[in-house]
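What follows is a set of notes on a single structure, which appears directly below.
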Amino acid sequence: MAESSYDIVIRGGTVGTACDRFEADVGISGETIAALGRGLPAGRREIDAGGKLVLPGGVDSHCHIEQLSAAGIMNADTWESATASAAFGGTTTVISFAAQHVGMDLSRVVEDYAALARRGAMVDYSFHMIVADPTEATIREHLPALIREGHASIKVFMTYDRLLVQDEAMLDVLMAARENRALVCVHAENHGMIAWMGRRLVERGYTAPKFHAMSHPRVSEPEAFDRLIAMAALIDQPIMIFHVSTAEGAAAVRRARGEGLKVFAETCPQYLFLTARDLDKPGLEGAKWMCSPPPRTEADQEALWRALALGDLQTISSDHAPYAFDQTGKLSAGSNPSFKQIANGLPGLETRLPLLFDAMVSKGRLGVERFVDLTATAPARIYNLPRKGSIAIGADADIAIWDPEKSVTLTDAMMHDRTGYTPYAGRTVQGWPVTVLRRGEIIVENGRLEARPGSGRFLPRSGGWAAEPSGRFEAEMDPARNFGAVLR
Ligand code: URP
Ligand code: ZN
Ligand code: ZN
């Protein structure tokens, strides 16, 4: 009998991409998708996908794994637990962070985070470099070298006492990114407004978790977005605005994109499915729903769905930032903390895709193609991961096979990260990733994890942007026309 040409054939499913849906078998050779067609010859291993949707594995472009927080707390997950939860939720690629704090050497930071990932990762991964200390050495030596090594995106915070980068230093970072063709991702909220509101609330005894939401006034988002967009426009540097939470924030992004500025933006499930009311629980329970920016209102959820429909927001990431509800995490400042002393962040790697599949595919909001685009194809394209995020011949065989009929009620106990809870406990979702492949290897099947810690692979991302420079930068920086000479 002739030797089969495929290691695996996924047979009889409906393949979904960012632009199409079609009946086809998927032939996998080694780590790669080798063929799409009907009636493919038998593979050495056959997977029956009848009645199922065969979609690209998710690309989660914003998740915090084994990271030291702004307040110096280690988050709950190791690479092993975080990527196990990613795999169970149908995500096969993550972009996490190498987080510099003030005084740290960025090259050492990246080395240290890379060593943790090498040991534990079970899905493929890449890093954004958090720059909190843009010294001359960071900007002139470390950043260029690290970007050349494949760390082609930088993350900067405009808030958080220990991490924030002020406007003048932000311009240095934007300029360095431009010179080395990296993308700059930004947590953009007005720090002064948040600090001022927080101080006044705590002084008056309003310390419960629900006041966290109030302490991030909604105007702090469009203010910071507009300021950031103006700085990025001055430098003509592409930016990605992380976790848009308000209607006004989405409108600021739309305005900038309408003007042709190089602005990308994401939102996250917590802004589509939760509201500030979720923080209003007895005692400290609401801490489990505390993230920054906070969940807002139903009207904001609708505005964000509209912004996704219109293309103003291009990706939906989890912003997985895991802290257990105990003294190692949310309650690390003791048993009676004010909201200012509670770590910000929610677990979300595992629930991102099921929640969105339920809303977008099962309930029909935007549909399969947009689901694939927002959660896999667009993040792969924007962050320069050419082999990821699509079902195409030659692409990595990263595939999640979804049972659209399977209904699951989310519980704390079924999650695989280490926070011990999910903010979505009690919700029932329809549609579940029953089989997950990463580079041609089955890593989740029959509810079991089959991957080995350390089997995830680092994905170097080269510098370079989707869009070409507009010429605006050259005009702004032309010494004959204005002040640009000082910047050369
Ligand atoms: O609350 C959040 N999102 N914590 C993680 C750090 C950040 O702000 O992205
Ligand atoms: Zn953030
Ligand atoms: Zn984040």
Side-chain angles (χ1 to χ4, degrees), residues 52-53 55 57-58 60 63-66 75-94 96 120-123 268-270 272-274 278 281 285-291 295 316-326 328-330 345-363 371 375 398-438 442-453 456:
K52 311 256 184 355
L53 276 165
L55 307 183
D60 194 337
C63 38
H64 303 266
I65 300 178
E66 217 163 336
N75 73 32
D77 274 319
T78 59
W79 271 87
E80 198 172 324
S81 58
T83 54
S85 76
F88 276 111
T91 287
T92 49
T93 300
V94 295
S96 187
M122 294 191 261
V123 303
C268 314
Q270 47 271 40
L272 297 169
F273 300 113
L274 301 176
D278 284 300
K281 300 271 193 308
E285 183 75 7
K288 293 179 180 173
W289 284 261
M290 275 181 58
C291 58
I316 308 176
S317 73
S318 68
D319 192 7
H320 177 81
Y323 299 98
F325 188 61
D326 62 21
T328 67
K330 292 282 184 185
L346 309 174
L349 263 169
E350 191 161 351
T351 49
R352 177 184 73 124
L353 294 181
L355 287 165
L356 291 166
F357 186 99
D358 175 61
M360 299 180 73
V361 182
S362 304
K363 297 200 171 82
F371 168 75
T375 60
D398 292 350
I399 294 171
I401 303 175
W402 288 78
D403 180 349
E405 303 302 329
K406 185 167 175 169
S407 175
V408 174
T409 300
L410 303 172
T411 65
D412 293 345
M414 67 190 280
M415 296 292 128
H416 297 86
D417 65 72
R418 290 212 183 143
T419 58
Y421 78 97
T422 167
Y424 307 100
R427 283 181 202 232
T428 300
V429 293
Q430 193 185 326
W432 198 258
V434 287
T435 306
V436 180
L437 292 88
R438 182 219 56 211
I442 297 170
I443 58 170
V444 174
E445 192 176 34
N446 301 323
R448 287 222 323 274
L449 183 69
E450 307 287 355
R452 185 178 48 76

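Note that this is a predicted model, so its numbers are computed, not measured.
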* Asked: Where do Asp319 and His64 land on the side chain to side chain contact (heavy atoms under 4.5 Å, CB included) test, with the steps shown first?
  -> CA-CA 7 Å; Asp319 192 7; His64 303 266; 3.0 Å; yes
* Is the shortest distance from a Lys or Arg side-chain nitrogen in Arg448 or Glu445 to a carboxylate oxygen in the other one below 4.0 Å? -> no
Looking at side-chain heavy atoms only, is the closest gap between [X] and [Y] below 4.5 Å?
{"X": "Asp417", "Y": "Leu349", "answer": "no"}
{"X": "Arg427", "Y": "Thr351", "answer": "no"}
{"X": "Tyr323", "Y": "Asn75", "answer": "yes"}
{"X": "Leu410", "Y": "Met415", "answer": "yes"}
{"X": "Leu272", "Y": "Leu355", "answer": "no"}
{"X": "Pro354", "Y": "Tyr424", "answer": "no"}
{"X": "Lys52", "Y": "Val434", "answer": "yes"}

* Can you name the side chain to side chain donor-acceptor pair (under 3.5 Å) partners of Lys330, sequence neighbours left out? -> none
* Taking side chain to side chain donor-acceptor pair (under 3.5 Å) as the test, write out the residues that go with Thr435, two or more places apart. => none
Which heavy-atom pair separates [X] from [Y] by the least distance, and what is that distance?
{"X": "Phe371", "Y": "Leu353", "result": "CE1-O, 3.7 Å"}
{"X": "Ala87", "Y": "Leu449", "result": "CB-CD1, 4.1 Å"}
{"X": "Ser85", "Y": "Ala82", "result": "OG-O, 2.8 Å"}
{"X": "Thr83", "Y": "Gly120", "result": "OG1-O, 3.9 Å"}
{"X": "Pro269", "Y": "Ser318", "result": "CD-CA, 4.2 Å"}

Treating [X] as the side-chain partner and [Y] as the backbone partner, does any N or O pair qualify as donor plus acceptor under 3.5 Å?
{"X": "Glu66", "Y": "Trp79", "answer": "yes"}
{"X": "Thr78", "Y": "Ser81", "answer": "yes"}
{"X": "Asp77", "Y": "Arg418", "answer": "yes"}
{"X": "Ser96", "Y": "Ile65", "answer": "yes"}
{"X": "Gln270", "Y": "Pro347", "answer": "no"}

* Evaluate the side chain to side chain contact (heavy atoms under 4.5 Å, CB included) criterion for residues Val123 and Ile443: first the C-alpha distance (whole Å), next the side-chain angles of each, then the deciding distance (0.1 Å), finally the verdict. => CA-CA 9 Å; Val123 303; Ile443 58 170; 4.2 Å; yes
For the [atom1] atom of [X] and the [atom2] atom of [Y], what is their distance to the nearest 0.5 Å?
{"X": "Thr93", "Y": "Asp398", "atom1": "OG1", "atom2": "CG", "answer": "5.0 Å"}
{"X": "Asp326", "Y": "Thr419", "atom1": "CG", "atom2": "OG1", "answer": "10.0 Å"}
{"X": "Ile399", "Y": "Leu53", "atom1": "CD1", "atom2": "CG", "answer": "13.0 Å"}
{"X": "Ile442", "Y": "Ile401", "atom1": "CD1", "atom2": "CD1", "answer": "7.5 Å"}

* Listed partners of His416 passing ring-ring contact (aromatic ring centres under 6.0 Å, His included), at least two apart -> Phe88
* To do: Sequence neighbours left out, what pairs pass side chain to side chain donor-acceptor pair (under 3.5 Å) with at least one residue falling in residues 401-415?
  => Thr409-Thr428
* Run the side chain to side chain contact (heavy atoms under 4.5 Å, CB included) check on Leu346 and Leu274 step by step: do they pass? -> CA-CA 11 Å; Leu346 309 174; Leu274 301 176; 4.0 Å; yes
* Is there any salt bridge (charged side-chain N to carboxylate O under 4.0 Å, His left out) pair reaching into residues 350-363, and which pairs are they, with sequence neighbours excluded? -> Asp60-Arg352, Asp358-Lys363
* Structure fact -> By side-chain contact (heavy atoms from CB on, under 4.5 Å), Pro404 pairs with (sequence neighbours left out) Phe357
